[in-house]
Engineer: 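After the structure tokens below, expect a handful of questions from me.
Every value quoted in this text rests on a predicted model; they were computed, and no experiment measured them. In this chain, residues are counted from 1 in sequence order.
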Amino acid sequence: MGTITFTTTAFATRIGCHLQTSNFNLTFFPSNLSTSALLKHSSPTMSANSLQVNASSAIDVPSEELGASSRGNIGANDLLIVGPGVLGRLVAEKWREEYPGCQIYGQTVTTNHHDELIKMGINPSSKQTKLTYKFPYVIFCAPPSQTEDYAGDIREAALNWNGEGSFLFTSSSAPYDCFDNGAINEDGPVVPIGRSPRTDVLLKAEKVVLDFDGCVVRLAGLYKADRGAHIYWLHKGSCDIRPDHILNLIHYEDAASLSVTILKKRLRGRIFLGCDNHPVSRQEVMDLVEKSGKFDKKFEGFTGTSDPLGKKLNNSKTRAELGWEPKYPSFAQFLGVSE
């Protein structure tokens with residue numbers, strides 16, 4: 001049997017509760033000690049601030065929940081990433097470059113990739129785990145496809161923000177109401193609620209974020225060498241959609257750097273736009289893929305004639321305000337070919 005004295009402030013932070021006393025005794029008993037022996041060893045005058053714990057059992061809490069509630073103090077630059085997938089992991093990498101001593105936490109729907117996150121220095125927890133503390137920086141990168149209540153999930157994420165640094169939602173440029181290949185910028189009109197289930201989900205989610213005074217970045221089509229529309233079309237071989245539909249793109253790395261820039265600015269209630277300012281048609285995308293010679297598969301073509309056209313996005317206002325520029329100014333430059 002042994003007794004250790006802790007200060008209240010240190011231990012209270014670890015277990016997520018508040019104790020009024022300045023210190024208390026933590027008494028450990030061997031696991032094989034009987035109840036009568038416990039009573040014998042316990043002093044009848046034991047003070048109210050003594051805590052007895054069986055040395056073999058720890059606290060009877062699921063290991064993941066215990067981990068989520070006992071990881072220690074949250075620092076001023078610590079970050080919670082809800083949905084640490086491809087984009088979220090790049091955000092983590094760039095955030096750590098800015099704040100080398102920070103802690104980064106990742107909340108996921110399942111535990112399938114927790115080992116990967118741990119190797120990357122991201123402290124994982126599942127969506128089912130109730131976090132018992134709040135973070136100065138929170139970014140929500142999870143897609144709507146993984147939940148039936150997207151706005152509700154974003155509300156939960158917002159409740160994990162302490163209001164100090166930034167709360168950012170990575171949305172999509174899909175809500176902009178333009179389907180004639182026309183030009184549109186950050187301030188362009190959005191699709192009215194009720195017209196499209198897809199845009200309804202995004203706009204309702206954005207409203208939650210803005211109600212919490214967080215920020216939104218509407219991202220164009222994300223891509224990298226092995227992900228994006230070009231890879232999907234290559235795998236399909238041919239697609240029954242029109243070739244002259246205008247696309248807007250942004251490389252995953254640039255989406256991550258833009259997100260980190262917004263987080264660092266500690267802004268409130270703003271909507272930004274992420275794109276490379278080089279709109280291209282579907283046909284142009286696949287012509288560039290062919291010209292690059294970097295892909296084994298060959299695309300046969302687009303055969304559609306009547307589906308909607310796209311839009312030409314311009315985010316010059318976002319760039320001017322944030323002082324941000326993309327690493328990859330166009331899809332062509334990323335592939336290393338001329339347009």
Side-chain angles (χ1 to χ4, degrees), residues 9-16 18 64 66-108 113-114 116-127 129-142 153-171 209-210 212-217 219 252-272 274 318-319 321-327:
T9 52
F11 193 74
T13 302
R14 296 286 293 179
I15 64 174
H18 178 66
E64 187 176 356
L66 179 62
S69 62
S70 62
R71 287 177 182 140
N73 294 328
I74 300 300
N77 296 317
D78 289 354
L79 173 68
L80 171 64
I81 303 171
V82 181
V86 176
L87 177 57
R89 294 179 191 196
L90 285 169
V91 168
E93 181 182 308
K94 294 181 183 299
W95 190 257
R96 185 167 279 113
E97 290 173 1
E98 297 290 330
Y99 304 104
C102 72
Q103 298 179 89
I104 299 177
Y105 298 81
Q107 189 177 64
T108 61
H113 300 287
H114 281 195
E116 298 170 20
L117 295 175
I118 290 169
K119 289 177 183 176
M120 296 178 65
I122 299 173
N123 302 306
S125 65
S126 67
K127 181 180 173 182
T129 302
K130 181 69 174 178
L131 299 176
T132 58
Y133 41 77
K134 299 188 177 187
F135 299 83
Y137 294 92
V138 178
I139 182 169
F140 191 101
C141 300
D153 287 351
I154 291 179
R155 186 173 292 105
E156 285 298 315
L159 292 172
N160 288 322
W161 178 41
N162 66 15
E164 293 178 4
S166 298
F167 175 45
L168 178 63
F169 168 45
T170 58
S171 185
V209 175
L210 297 172
F212 275 90
D213 221 10
C215 289
V216 172
V217 57
L219 298 175
Y252 272 98
E253 286 187 36
D254 290 326
S257 72
L258 176 57
S259 297
V260 167
T261 298
I262 296 169
L263 284 168
K264 287 177 62 182
K265 293 288 185 180
R266 301 165 66 101
L267 300 167
R268 298 290 183 267
R270 303 293 306 283
I271 295 177
F272 297 97
T318 291
R319 298 182 186 210
E321 178 173 349
L322 300 176
W324 173 87
E325 291 292 334
K327 176 181 177 180

Engineer: Please report the closest heavy-atom contact between Leu267 and Ser166, naming both atoms and the distance.
Structural biologist: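 Leu267 and Ser166 have their closest heavy atoms at N-OG, 4.1 Å.
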Engineer: Check whether any side-chain heavy atom of Ile262 lies under 4.5 Å from a side-chain heavy atom of Thr318, and answer yes or no.
Structural biologist: no
Engineer: Between CG of Leu159 and CZ of Arg155, what distance do you get to the nearest 0.5 Å?
Structural biologist: 8.0 Å
Engineer: Distance alone, cut at 3.5 Å: any donor-acceptor contact between the side chains of Ser257 and Trp324?
Structural biologist: yes
Engineer: Is there a side-chain contact between Phe212 and Phe169 in this structure, where contact means two heavy atoms from C-beta onward sitting under 4.5 Å apart?
Structural biologist: no
Engineer: Minimum heavy-atom separation for Val216 and Val209, please, with both atom names.
Structural biologist: CG2-CG1, 4.0 Å
Engineer: Phe135 and Tyr137: ring pair (Phe, Tyr, Trp, His ring centres under 6.0 Å), yes or no, with the steps?
Structural biologist: CA-CA 5 Å; Phe135 299 83; Tyr137 294 92; over 10 Å; no
Engineer: Give me the atom names and distance for the closest heavy-atom approach of Phe167 to Ala158.
Structural biologist: CE2-CB, 3.6 Å
Engineer: If every non-hydrogen atom of Ala255 is compared with every non-hydrogen atom of Ser259, which pair is closest and at what distance?
Structural biologist: O-OG, 2.8 Å
Engineer: For the side chain of Gln103 and the backbone of Asn73, is there at least one donor-acceptor N/O pair under 3.5 Å apart?
Structural biologist: yes
Engineer: Please find the pair of heavy atoms, one from Gly163 and one from Arg268, that lie closest to each other, and give the distance.
Structural biologist: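 Where Gly163 meets Arg268 most closely, the heavy atoms are O-NH2, 3.0 Å.
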Engineer: Can any side-chain N or O of Trp95 pair as donor or acceptor with the backbone N or O of Asn77 at less than 3.5 Å?
Structural biologist: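 Side chain of Trp95 to backbone of Asn77: a pair is present.
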Engineer: About how many Å separate CD of Gln107 and CG of Leu131, when rounded to the nearest 0.5 Å?
Structural biologist: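 So the CG of Leu131 and the CD of Gln107 are separated by 5.5 Å.
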Engineer: Could you check Glu321 against Lys265 for salt bridge (Lys or Arg N to Asp or Glu O under 4.0 Å), going step by step and ending with a plain yes or no?
Structural biologist: CA-CA 10 Å; Glu321 178 173 349; Lys265 293 288 185 180; over 6 Å; no
Engineer: Measure the shortest side-chain to side-chain distance between Cys102 and Leu79 over non-hydrogen atoms and say whether it is less than 4.5 angstrom.
Structural biologist: no
Engineer: Is Arg89 salt-bridged to Glu116, cutoff N-O under 4.0 Å?
Structural biologist: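 A salt bridge links Arg89 with Glu116.
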Engineer: For Gly106 versus Ile122, what's the shortest heavy-atom pair and its separation?
Structural biologist: N-CG2, 3.5 Å
Engineer: Taking the side chain as everything from C-beta on, heavy atoms only, tell me whether Glu98 gets closer than 4.5 Å to Val260.
Structural biologist: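 Contact flag for Glu98/Val260 side chains = yes.
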Engineer: Run Val91 and Ile104 through side chain to side chain contact (heavy atoms under 4.5 Å, CB included) and show every step you take.
Structural biologist: CA-CA 10 Å; Val91 168; Ile104 299 177; over 6 Å; no
Engineer: Quick one: does Leu258's side chain get under 4.5 Å of Phe272's, heavy atoms only?
Structural biologist: no
Engineer: When rounded to the nearest 0.5 angstrom, what is the spacing between OG1 in Thr261 and NZ in Lys94?
Structural biologist: 9.5 Å
Engineer: Less than 4.5 Å apart, any side-chain heavy atom of Leu87 and any of Leu219?
Structural biologist: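 With C-beta onward as the side chain, the pair touches.
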Engineer: Rounded to the nearest 0.5 Å, what's the gap from NE2 on His113 to CE on Met120? Could you check?
Structural biologist: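 Between His113 NE2 and Met120 CE, I get 12.0 Å after rounding to 0.5 Å.
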Engineer: Could you tell me whether the side chain of Tyr105 reaches within less than 4.5 Å of the side chain of Ile74, counting heavy atoms only?
Structural biologist: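 Yes, close enough: below the 4.5 Å cut-off.
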Engineer: Is the side chain of Trp161 donor-acceptor paired with the backbone N or O of Pro136 at a distance under 3.5 Å, no angle test?
Structural biologist: yes
Engineer: Start with the C-alpha gap between Val82 and Asn160, add the side-chain angles, then the distance that decides, and say whether side chain to side chain contact (heavy atoms under 4.5 Å, CB included) holds.
Structural biologist: CA-CA 10 Å; Val82 181; Asn160 288 322; 5.9 Å; no
Engineer: Supply the atom-to-atom distance Leu80 CG to Ser125 OG, rounded to the nearest 0.5 angstrom.
Structural biologist: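 That separation rounds to 7.0 Å.
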